[in-house]
Amino acid sequence: MKLILLGAPGAGKGTVAKLLTQMDGSVQISTGDILRGAVAAGTELGKKAEAAMKRGDLVSDDLIMGIMENRLQEPDCAKGFLLDGFPRTIPQADALKVLLAKLGIKLDMVVSIEVPRDVILDRLSTRRTCSNGKCQAIYNVKSNPPKKEGICDKCGSPVVQREDETEAAISHRLETYNQKTAPLIGFYEKEGMFVRVNATSSDAVIAAIKAKLGK
Ligand code: AMP
């Protein structure tokens with residue numbers, strides 16, 4: 001399947017994407033994970049993105065489109081992909097449309113996962129992430145803590161609070177979402193392949209997506 005997952009930070013896009021990959025071999029493409037991996041590895045891309053990410057601002061559309069143009073042409077995308085955290089602005093959505101047409105790819109659906117603000121704030125402030133750029137497993141101190149406190153179950157690296165998950169950065173990221181990303185809902189509604197899912201459980205989101213796809 002070829003889907004775009006829209007939703008505020010903390011809406012559950014990453015969790016839903018990971019579950020969907022198990023259905024048909026589609027790959028999760030998270031621009032946030034790619035950028036954090038680049039920052040951790042100290043690459044040129046990471047150096048360009050780091051300051052904006054720390055503040056909770058978006059990195060430039062050009063940088064993101066450069067990443068996506070390459071990523072979507074990698075062989076593992078042939079079975080399908082779940083775009084998690086991209087596109088995030090109208091110029092990115094416009095550029096994606098041109099890119100998909102050039103590559104001869106048709107999207108199945110754009111899903112907006114909508115979760116109340118208080119649930120999002122609680123989730124983000126209690127979320128913890130594996131500091132290993134190649135792992136980035138997600139935990140939650142309340143609902144899904146690592147077996148050994150502060151240590152990743154999967155790779156043994158320290159599990160930390162992301163620098164953009166302090167209270168100030170979280171509220172800035174939510175503001176950025178409302179200003180820059182929420183307008184994509186109108187964009188994709190006009191394109192006619194848009195589905196809105198109001199659900200706080202990832203299983204309910206998956207069920208709604210499957211029903212819409214007829215799977
Ligand atoms: P995320 O993990 O998706 O919340 O992304 C973390 C941070 O990476 C964001 O706050 C942005 O600074 C940056 N980022 C991720 N995806 C994009 C994108 N599509 N456009 C611009 N910045 C992005």
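For ligands, and for the atoms within them, numbers begin at 1 and follow the listed sequence. Note that this is a predicted model, so its numbers are computed, not measured.
Looking at Lys54 and Val39, their side chains never come closer than 4.5 Å, going by heavy atoms from C-beta outward. Contact annotation: the side chain of Thr89 never approaches that of Leu184 to less than 4.5 Å [non-hydrogen atoms, C-beta and beyond]. Counting only heavy atoms from C-beta outward, the side chains of Leu20 and Met1 approach each other to under 4.5 Å. Taking 4.5 Å as the limit, every side-chain heavy atom of Arg88 sits out of range of all side-chain heavy atoms of Lys180.
Looking only at protein heavy atoms, the nearest one to atom 7 (C) of ligand 1 is Met53 CE, 4.0 Å. From the protein, the heavy atom lying nearest to atom 22 (N) of ligand 1 is Val59 N, 3.1 Å. Regarding atom 6 (C) of ligand 1, its nearest protein heavy-atom neighbour is Arg36 NH1, 3.4 Å.
For Leu35, every heavy-atom contact with ligand 1 shorter than 4.0 Å involves the side chain, none the backbone. For Asp33, no heavy-atom contact with ligand 1 is shorter than 4.0 Å. When non-hydrogen atoms are compared, ligand 1 lies under 4.0 Å from neither the backbone nor the side chain of Lys13.
Inspection of the Asp24 and Ser26 side chains reveals an N or O donor paired with an N or O acceptor under 3.5 Å. Inspection of the Gln28 and Ser30 side chains reveals no N or O donor paired with an N or O acceptor under 3.5 Å.
The number of heavy atoms from other shown groups lying within 6.0 Å of CD (Glu191) is above 12.
Within ligand 1, counting atoms from 1 as listed, the ones closer than 4.0 Å to a heavy atom of Thr31 are 15 (C), 16 (N), 17 (C), 19 (N). Close approach to Gln92 involves these atoms of ligand 1, each under 4.0 Å from a residue heavy atom: 18 (C), 19 (N), 20 (N), 21 (C). Close contacts between ligand 1 and Asp57 involve ligand atoms 11 (C), 12 (O) [criterion: under 4.0 Å to a heavy atom]. The atoms of ligand 1 that sit less than 4.0 Å from any heavy atom of Arg162 are 1 (P), 2 (O), 4 (O), 6 (C).
The heavy atom nearest to atom 18 (C) of ligand 1, out of those in Asp61, Ile64, Leu63, Asp164, is found in Ile64. The option with the heavy atom closest to atom 10 (O) of ligand 1, from among His172, Arg88, Gln136, is Arg88.
On a distance-only criterion, Gly85 and ligand 1 share at least one N/O pair closer than 3.5 Å.
Grouping the Ile, Leu, Val, Met, Phe, Trp and Tyr side chains by contacts below 4.5 angstrom, directly or via other members, places Leu5 apart from Met193.
Not a single heavy atom of Arg55 sits less than 4.0 Å from an atom of ligand 1.
Between Glu165 and the options Arg173, Arg123, Arg128, a salt bridge (charged side-chain N to carboxylate O under 4.0 Å, His left out) holds for only Arg173.
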